[in-house]
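Right, one structure below, let's go through it.
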2 protein chains.
Amino acid sequence: MNSIEIARLAGVSRSTVSRVINNYANVPPKTREKVMKVIQQYNYFPNVSAQVLAGKRARTIGLFLIAPGHVSSDILTNMLIVSVIEDASAYGYYVLTHIIRDANDTETINNVKEIFFQRRIDGGIFIGAAKHEPIIEELISEGFIVGVVDQEQPEIQQFNRIVANFNNDSGMKQAVAYLAGLGHSKIGVINGDMNRLSGPTKYEGFLKAMQLCGLHVNQDWVLAGSFHEESGYEAIYSFLRTQGERPTAIIAANDSVAFGAIRALKEHGLQVPADMSIIGFDDHPLSDKHHPALTTIRVDFSGMLKRLTSILIAKIEQPTADVKQITLDCSLVVRESCRRV
Amino acid sequence: MNSIEIARLAGVSRSTVSRVINNYANVPPKTREKVMKVIQQYNYFPNVSAQVLAGKRARTIGLFLIAPGHVSSDILTNMLIVSVIEDASAYGYYVLTHIIRDANDTETINNVKEIFFQRRIDGGIFIGAAKHEPIIEELISEGFIVGVVDQEQPEIQQFNRIVANFNNDSGMKQAVAYLAGLGHSKIGVINGDMNRLSGPTKYEGFLKAMQLCGLHVNQDWVLAGSFHEESGYEAIYSFLRTQGERPTAIIAANDSVAFGAIRALKEHGLQVPADMSIIGFDDHPLSDKHHPALTTIRVDFSGMLKRLTSILIAKIEQPTADVKQITLDCSLVVRESCRRV
DNA sequence: CTGAAAGCGCTTACAG
DNA sequence: CTGAAAGCGCTTACAG
């Protein structure tokens with residue numbers, strides 16, 4: 001079944017069939033009806049490849065997740081993916097999800113480029129990118145419409161780059177203020193991946209917040225991490241082997257890191273929050289089920305992706321010159337992992 | 001950049017460029033090299049719509065999830081989706097995920113049909129379908145290649161229908177035998193959705209297993225449910241308001257239902273497993289984090305989807321007349337929600 | 001208001 | 001081994 005057949009059966013030309021399908025104004029109701037009847041009767045749906053080839057949009061966006069390891073086991077990542085699928089669906093768009101294990105692998109990068117250049121998608125969203133990701137720069141300079149989470153809008157603003165971030169500064173301020181309010185002055189931090197924007201941003205926020213509260217930052221309590229559970233475990237594991245003084249509270253770069261940290265503390269016979277207060281970042285789906293339930297800085301990932309997807313699709317449908325930037329606030333969620341000292 | 005440009009730059013015809021791209025045997029190495037150099041140099045990727053229109057595959061499969069409610073919050077469903085995305089990716093295929101809230105809504109069904117008829121996808125997988133789903137039957141009779149989880153292969157076997165199931169019978173047998181071994185004889189059950197194959201299958205498996213163990217089935221302890229957390233909660237909530245004798249153990253149609261059931265028991269002041277033993281089905285990602293950690297019948301969803309995806313893609317690439325059927329075994333996972341009586 | 005025709009960018013028999 | 005040409009199924013100026 002194709003448009004020629006439909007045209008024949010309806011007694012019109014392919015042009016008219018196409019006009020009906022694309023809701024052109026200059027088709028009289030009677031003609032439209034006649035054609036629609038045949039279309040419905042014969043279960044006709046225009047071939048999407050032919051439409052795209054003739055200049056229509058693919059109505060598909062790409063979702064690129066940069067994440068090492070086996071992603072399908074990470075609950076939060078999975079939620080992000082499904083979130084975007086549902087958001088796009090509200091606009092009649094489909095999502096092509098691509099998981100990037102290693103953003104430095106040539107073949108992988110070539111695959112990503114292929115998806116854009118093949119015109120499989122009308123635009124793409126990148127999650128988990130480093131501060132500077134060559135592939136993203138290349139795509140943007142090629143004119144593709146790209147949404148990026150956790151990167152800065154560069155000096156020379158580009159209309160086809162949509163940037164989305166959380167206000168990590170404010171988040172850290174809330175975390176430190178909360179701990180200070182509970183009487184903590186010895187506060188440590190486990191950093192995230194310093195190659196990603198939110199790594200240094202959170203750390204700088206931490207430093208600023210400490211200063212604001214008049215607290216001293218002990219460099220021995222600034223531990224390296226990578227946003228993963230394992231890095232939180234390892235940070236605390238090695239820290240506890242040192243002999244120096246210990247902080248009474250630790251802020252983790254995110255909740256996964258906090259989970260790992262708590263696991264290491266437990267193994268070492270330390271209880272949270274009795275022996276150490278821990279505060280996370282993100283409000284991971286597991287944080288309220290965790291023991292102890294994790295106090296954290298909530299971040300609205302779904303809300304961010306909803307806005308990002310919506311802006312991306314709007315840009316695809318109506319390319320405009322305005323530069324889009326999304327910043328979302330975070331909020332403290334008090335649960336059970338911090339205590340008053 | 002298109003194949004004509006590449007042809008011109010390489011000093012050959014478009015035919016030859018196409019032959020190089022599609023790895024035809026009859027291209028001399030020197031010609032191939034010459035063309036490849038230009039292709040790489042100019043970042044050329046053939047337009048996928050043109051390729052599909054000319055008869056190649058879209059290298060995309062559809063994933064249709066029939067699930068009411070807001071899916072992005074269900075951890076297990078999310079894992080299934082990402083699982084398929086990763087499996088397909090191993091074959092160079094992309095996944096178009098579509099979430100079906102209501103399989104009886106005409107517009108929704110039309111959307112599903114559209115995806116197939118538009119030729120966006122080469123085949124599709126359905127998860128969460130009822131025993132008989134008209135849309136699936138229609139697609140299969142139209143000749144589309146379809147994989148279905150939790151449905152039967154009909155009498156007249158169809159080569160383009162791939163069916164995947166768990167051995168629910170054996171699962172139920174293991175659950176009942178385990179409880180019987182702990183001394184339970186008063187065993188109740190919360191059923192799943194009886195409109196889906198695994199609903200009645202699990203219940204029948206339960207009945208058979210009870211008989212095998214010489215145990216009597218008390219119909220008052222056969223509670224209705226729907227595979228969702230809420231239904232487990234409600235089943236127990238209303239059951240506890242009745243005055244009759246209570247079972248000492250309950251088998252839930254799946255882990256979500258078990259979570260709901262335990263929540264209702266707790267609210268009623270009953271402890272698991274002290275006052276009631278509970279056993280689930282699936283081994284949900286949260287089951288080992290649950291309090292008490294849930295004893296359950298493990299089911300390998302990822303393994304099933306991996307096989308289903310692989311067979312689906314094989315069928316797409318090489319349509320054969322053989323009928324494919326997948327059945328996976330389940331296994332008991334003992335944790336903390338059952339006790340000896 | 002509507003049809004004939006060009007064009008989108010490929011692939012693949014066909015002929016040599 | 002390779003090129004010219006038909007064909008895939010649409011959309012959209014263009015002309016009337």
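Please read all numbers here as calculations on a predicted model, not as lab measurements. Numbers restart at 1 for each chain; the letters A, B, ... are given by sequence-line order, proteins then strands.
Nucleotides of DNA chain C nearest to B:Leu53 and B:Arg19 differ in position, and the one nearer the 5' end is that of B:Leu53.
Closest to the A:Ser15 side chain, of the nucleotides C:dC10, C:dC8, C:dG3, is C:dG3.
B:Arg19 places no side-chain N or O within donor-acceptor distance of the main-chain N or O of B:Val27, the cut-off being under 3.5 Å. A:Arg119 places no side-chain N or O within 3.5 Å of a backbone atom of B:Ser49 that could act as its donor or acceptor partner.
For the pair A:Arg14 CZ and D:dA13 P, the computed distance is 16 Å after rounding to whole Å. C:dG9 atom P lies 17 Å from atom CG of B:Asn22, rounded to whole Å. At whole-Å resolution of the value, CD in B:Glu5 and P in C:dG9 are 11 Å apart. One atom, CD1 of A:Ile21, and another, C1' of C:dT2, lie 16 Å apart when rounded to the nearest Å. Atom-to-atom, CD of A:Gln51 to C1' of C:dG7 comes out at 16 Å; the value is rounded to the nearest Å. A straight line from NZ of A:Lys56 to C1' of D:dG9 spans 14 Å, rounded to a whole angstrom. At whole-Å resolution of the value, CZ in B:Phe117 and P in D:dC10 are 13 Å apart. Rounded to an integer number of Å, the gap from CZ of A:Arg59 to P of D:dT11 is 13 Å.
For B:Ser198 and B:Asp150, the side-chain atoms include at least one donor-acceptor pair closer than 3.5 Å. For the residue pair A:Asn43 and B:Glu138, a side-chain donor N or O sits within less than 3.5 Å of a side-chain acceptor on the partner. For the residue pair A:Arg120 / B:Thr60, a side-chain donor-acceptor distance below 3.5 Å is found, with atom types taken as modelled.
A:Thr16 comes within 4.0 angstrom of the backbone, heavy atoms only, and of no base.
For C:dA4, its base never sits under 3.5 Å from the side chain of A:Ser13 at any donor and acceptor pair.
A:Gln41 is not listed as a side-chain neighbour of A:Leu9, based on a closest heavy-atom distance of 4.5 Å or more.
Put simply, B:Ser18 has a side-chain N or O that comes within less than 4.0 Å of OP1 or OP2 on C:dT11. Neither OP1 nor OP2 of D:dC8 sits under 4.0 Å from any side-chain N or O of A:Asn2.
For residues 23-50 of chain A, proximity to DNA chain C is found at A:Asn26, A:Pro28, A:Thr31, defined as any non-hydrogen atom under 4.0 angstrom from a strand atom.
In DNA chain C, runs of at least 3 stacked Watson-Crick or G-U pairs (N1-N3 plus N6-O4 or O6-N4, or N1-O2 plus O6-N3, all under 3.5 Å) give these stems: C:1-3 with D:14-16, C:5-12 with D:5-12, C:14-16 with D:1-3.
Aromatic pair A:Phe116/A:Phe64: ring centres closer than 6.0 Å. Between B:Phe301 and B:Phe166, the ring centre distance stays below 6.0 Å.
Using cut-offs of 30° and 60° for the angle between ring planes, the B:Phe144 and B:Phe117 rings count as perpendicular.
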